[in-house]
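Heavy atoms only: backbone and side chains are in, while hydrogens, waters and symmetry mates are out. These numbers were taken from a predicted model, which means no experiment stands behind them.
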Amino acid sequence: MIWLIIGIGLVVAEVFTVDLVLLMFAVGALAAAGTALLTDSLVAQVVVFAVVSVLALAGVRPLIKKRMSHHADDGTPLSVAAVEGAAAVVLERVDTDHGLVKIQGDTWTARAFDATQVMEPGERVKVVEVKGATALVWKDF
């Protein structure tokens with residue numbers, strides 16, 4: 001029962017770290033919980049925990065991280081990484097406080113990357129950075 005509690009606790013903790021390390025230890029703890037059902041040997045449980053955790057960290061985690069990366073197999077950026085550096089068209093005036101742009105067919109809230117710039121509808125801009133759901137844009141000269 002202890003291994004099960006540890007495993008669930010690690011899964012909950014992983015939600016806050018999102019690095020997949022604690023999740024791999026949780027897999028090891030759940031494997032040890034399964035071992036505890038088969039044997040009362042604490043040594044066997046600890047060995048299963050260690051072996052499964054190391055295998056998950058060394059084998060499974062890199063595969064998951066690669067799958068979740070910001071680039072497709074051909075090197076094409078995905079998600080926010082694809083938006084940064086992309087061209088956009090201003091839909092509503094963009095300044096330091098508000099704005100709206102169209103990026104790759106999607107409408108995004110926008111702010112001027114440079115506080116001195118103001119961009120009017122129809123102007124082309126470049127996305128410098130994405131913060132949350134807001135694109136920080138620069139006037140494309």
Side-chain angles (χ1 to χ4, degrees), residues 1-121 123-141:
M1 190 63 142
I2 299 295
W3 287 111
L4 187 59
I5 293 168
I6 291 170
I8 292 170
L10 287 167
V11 169
V12 170
E14 178 63 39
V15 170
F16 297 104
T17 64
V18 196
D19 195 35
L20 300 177
V21 173
L22 296 178
L23 185 63
M24 300 303 116
F25 284 119
V27 169
L30 295 176
T35 303
L37 292 174
L38 302 174
T39 180
D40 289 334
S41 171
L42 183 60
V43 172
Q45 295 169 29
V46 170
V47 167
V48 167
F49 170 75
V51 169
V52 171
S53 295
V54 167
L55 289 175
L57 279 169
V60 177
R61 183 175 178 266
L63 295 174
I64 294 172
K65 292 286 275 188
K66 182 178 179 184
R67 181 90 168 139
M68 292 173 50
S69 76
H70 292 290
H71 291 84
D73 293 336
D74 63 356
T76 306
L78 301 171
S79 68
V80 172
V83 173
E84 291 179 350
V89 176
V90 177
L91 299 176
E92 291 180 9
R93 182 181 172 163
V94 175
D95 56 29
T96 58
D97 297 321
H98 65 282
L100 202 60
V101 296
K102 183 168 258 185
I103 308 167
Q104 299 172 350
D106 293 322
T107 303
W108 285 69
T109 58
R111 306 287 178 269
F113 183 75
D114 178 355
T116 63
Q117 288 186 340
V118 175
M119 292 141 266
E120 298 298 332
E123 287 187 272
R124 295 189 56 75
V125 294
K126 181 177 182 178
V127 179
V128 177
E129 185 179 355
V130 175
K131 286 197 176 186
T134 302
L136 301 178
V137 298
W138 182 269
K139 199 179 274 189
D140 199 14
F141 295 100

Give, for atom [atom1] of [X] and atom [atom2] of [Y], the distance between the pair rounded to the nearest 0.5 Å.
{"X": "Met1", "Y": "Leu37", "atom1": "CE", "atom2": "CG", "answer": "10.5 Å"}
{"X": "Ile5", "Y": "Leu10", "atom1": "CD1", "atom2": "CG", "answer": "12.0 Å"}
{"X": "Leu22", "Y": "Thr17", "atom1": "CG", "atom2": "OG1", "answer": "4.5 Å"}
{"X": "Met119", "Y": "Phe113", "atom1": "CE", "atom2": "CZ", "answer": "11.0 Å"}
{"X": "Leu91", "Y": "Thr109", "atom1": "CG", "atom2": "OG1", "answer": "11.5 Å"}

For the side chain of [X] and the backbone of [Y], is there at least one donor-acceptor N/O pair under 3.5 Å apart?
{"X": "Glu84", "Y": "Glu129", "answer": "no"}
{"X": "Arg61", "Y": "Leu23", "answer": "no"}
{"X": "Gln45", "Y": "Thr35", "answer": "no"}
{"X": "Glu14", "Y": "Asp19", "answer": "yes"}

Original post:
Please, which pairs that meet salt bridge (Lys or Arg N to Asp or Glu O under 4.0 Å) have at least one residue in residues 45-60, sequence neighbours excluded?
Top reply: none

Which heavy atom of [X] sits nearest a heavy atom of [Y], and at what distance?
{"X": "Ala56", "Y": "Pro62", "result": "O-CD, 4.5 Å"}
{"X": "Gly28", "Y": "Val52", "result": "CA-CG1, 3.7 Å"}
{"X": "Val48", "Y": "Ala32", "result": "CG1-N, 4.0 Å"}
{"X": "Gly7", "Y": "Ala26", "result": "O-CB, 3.5 Å"}
{"X": "Ala88", "Y": "Ile103", "result": "CB-CG1, 3.6 Å"}

**OP:** Could you tell me whether Asp40 atom CG has more than 12 heavy atoms of other residues or ligands within 6.0 Å of it?
**Re:** no

**OP:** Just jot down the salt bridge (charged side-chain N to carboxylate O under 4.0 Å, His left out) partners of Asp114, sequence neighbours excluded, or say none.
**Re:** none

**OP:** Taking side-chain hydrogen bond (donor to acceptor under 3.5 Å, both in side chains) as the test, write out the residues that go with Thr96, two or more places apart.
**Re:** none

Original post:
Of all residues at least two apart in sequence or in a different chain, which pass the side-chain hydrogen bond (donor to acceptor under 3.5 Å, both in side chains) check with Arg111?
Top reply: none

Would you say that [X] contacts [Y] through its side chain, given a criterion of any heavy-atom pair below 4.5 Å between the two side chains?
{"X": "Val89", "Y": "Val101", "result": "no"}
{"X": "Val21", "Y": "Leu57", "result": "yes"}
{"X": "Val94", "Y": "Val125", "result": "no"}
{"X": "Val118", "Y": "Arg93", "result": "yes"}
{"X": "Val83", "Y": "Trp108", "result": "yes"}

Original post:
Looking at residues at least two apart in the chain, or sitting in another chain, which of them share a side-chain contact (heavy atoms from CB on, under 4.5 Å) with Val43?
Top reply: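 Here the qualifying residues are Ser41, Val47.
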
Original post:
So which pairs with a foot in residues 27-60 pass ring-ring contact (aromatic ring centres under 6.0 Å, His included), sequence neighbours left out?
Top reply: Trp3-Phe49

